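Reading through the structure tokens given below for one structure.
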Amino acid sequence: MRKLRWEVVMGIIVFFFVFFMAWNDYSTVLTIIVVFTATLIAFLSFTIYPLVFDKNIDRIESCLRKQKKTPGLYINYVLANKLDDEAEIVMEQILLKYKQKAAQSSFKAAYGIYNKDMNAIREAIPHIRGSDYQAYYETYLLMEEGNSEQARERLKSIKKHWMRSALLGGIELKADRRDLAIQLAKEALQVSKGVHHYVLYKEYERLYPEVVKTVS
């Protein structure tokens with residue numbers, strides 16, 4: 001309903017804007033350029049911005065819930081909210097849509113984390129594009145297998161701040177240093193944005209409810 005209301009409002013605005021420009025004898029080319037630019041800005045503001053730059057959980061969630069026809073995005077909402085039955089369906093859609101191993105690998109690794117399937121993560125890692133994401137899953141695997149010192153060394157190569165903080169927080173939690181893990185979780189939330197911020201927030205709702213209260 002919210003999406004429909006936005007489309008109706010945008011339609012009305014565009015109609016009156018075109019009418020105004022036509023009434024005042026603006027050129028057709030200029031009218032098209034201005035309307036196209038305004039529509040693009042509106043699209044970026046309501047769709048791309050929440051998924052990439054926003055930190056408002058409700059707005060990000062609202063945007064993700066509308067992505068059912070884009071399984072590569074919608075999977076973030078499904079996994080973050082532990083929707084087991086839907087997760088299996090969306091993963092099947094992803095594997096049908098993306099045929100190459102490199103395209104499937106990050107999704108398989110994320111689904112492996114969701115299911116605590118270390119073999120799935122291990123098999124996916126060699127095919128993951130992007131050094132930070134490959135290092136992220138390698139570090140996670142080392143952490144889960146009890147190789148904390150190796151995990152600490154591996155995460156040093158990661159450039160993304162939120163990834164390092166989130167992983168280090170996981171390592172400290174496993175070492176029973178919860179206070180330090182909480183500080184790192186806060187740090188990860190502070191520096192993350194968009195989908196990454198949302199996924200961390202939903203995970204920390206379960207792990208550190210005291211943390212999400214401070215950023216809500």
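The residues of the chain are indexed from 1 along the displayed sequence. Everything numeric here is computed off the predicted structure, so don't read it as measured data.
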All heavy atoms of Gly72 vs all of Ile75, minimum pair found to be O-CG2, 3.4 Å

Extract all donor-acceptor atom pairs below 3.5 Å that involve side chains of residues 145-152 and protein atoms in other chains or at least two apart in sequence.
from: Glu145; atom 1: OE2; to: Arg122; atom 2: NH2; distance (Å): 2.1
from: Arg152; atom 1: NH1; to: Glu172; atom 2: OE2; distance (Å): 3.0
from: Arg152; atom 1: NH2; to: Glu172; atom 2: OE2; distance (Å): 3.2

Supply the atom-to-atom distance Glu144 CD to Ile121 CD1, rounded to the nearest 0.5 angstrom.
7.5 Å

Check whether any side-chain heavy atom of Val90 sits under 4.5 Å from a side-chain heavy atom of Lys68, and report yes or no.
no

When you compare the side chain of Ile94 with that of Gln104, does any pair of heavy atoms fall below 4.5 Å?
no

Rounded to the nearest 0.5 Å, how far apart are NZ of Lys160 and OG of Ser131?
9.0 Å

Is it the case that atom CZ in Arg177 sees more than 12 heavy atoms from other parts of the structure closer than 6.0 Å?
yes

State, yes or no, whether a side-chain contact exists between Lys186 and Tyr204 at a heavy-atom distance under 4.5 Å.
no

Could you point out which residue of Leu207, Leu200, Val199 forms a side-chain contact (heavy atoms from CB on, under 4.5 Å) with Glu203?
Leu207

Pairs involving residues 157-186, ordered by first then second residue, that meet ring-ring contact (aromatic ring centres under 6.0 Å, His included) (sequence neighbours left out):
Trp162-His196

Shared ILVMFWY cluster between Leu142 and Ile171, side chains joined below 4.5 angstrom?
no

What distance separates Asn56 CG from Cys63 SG, expressed to the nearest 0.5 Å?
11.5 Å

Minimum heavy-atom distance Ile57-His197, with the two atoms named
CD1-CD2, 3.6 Å

Atom of Lys108, atom of Ala124 and distance for their closest heavy-atom approach
CB-CB, 4.1 Å

What I'd like to find out is whether the side chain of Leu173 reaches to under 4.5 Å of the side chain of Tyr208, using heavy atoms alone.
yes

Here the pair of heavy atoms bringing Ile128 nearest to Ala109 is CD1-CB, 4.1 Å

Answer whether the closest heavy-atom distance between the side chains of Asp54 and Lys193 falls below 4.5 Å.
no

Which side-chain N or O atoms in residues 82-89 pair as donor and acceptor under 3.5 Å with protein atoms at least two apart or in another chain?
from: Asp84; atom 1: OD1; to: Tyr114; atom 2: OH; distance (Å): 2.2
from: Glu86; atom 1: OE2; to: Tyr74; atom 2: OH; distance (Å): 2.6

Value rounded to 0.5 Å, distance of OG1 in Thr139 from CD1 in Ile158
4.0 Å

Working to the nearest 0.5 angstrom, can you tell me the gap between Leu155 CG and Ser157 OG?
7.5 Å

Side-chain heavy-atom pair Leu79, Lys202 within 4.5 angstrom cut-off:
no

Would you check if Glu61 and Asn81 make a side-chain contact, meaning some heavy-atom pair closer than 4.5 Å?
yes

Do you know the tightest heavy-atom contact between Ala181 and Gly169?
CB-O, 3.4 Å

Tell me whether Lys101 at atom NZ has more than 12 heavy atoms from other residues, nucleotides or ligands lying less than 6.0 Å away.
no

Residues Tyr137 and Ile113: closest non-hydrogen pair is CE2-CD1, 3.5 Å

One should read off an interatomic distance between Asp132 CG and Lys159 NZ, to the nearest 0.5 angstrom, of 7.0 Å

Any side-chain heavy-atom pair of Lys97 and Gln93 under 4.5 Å
no

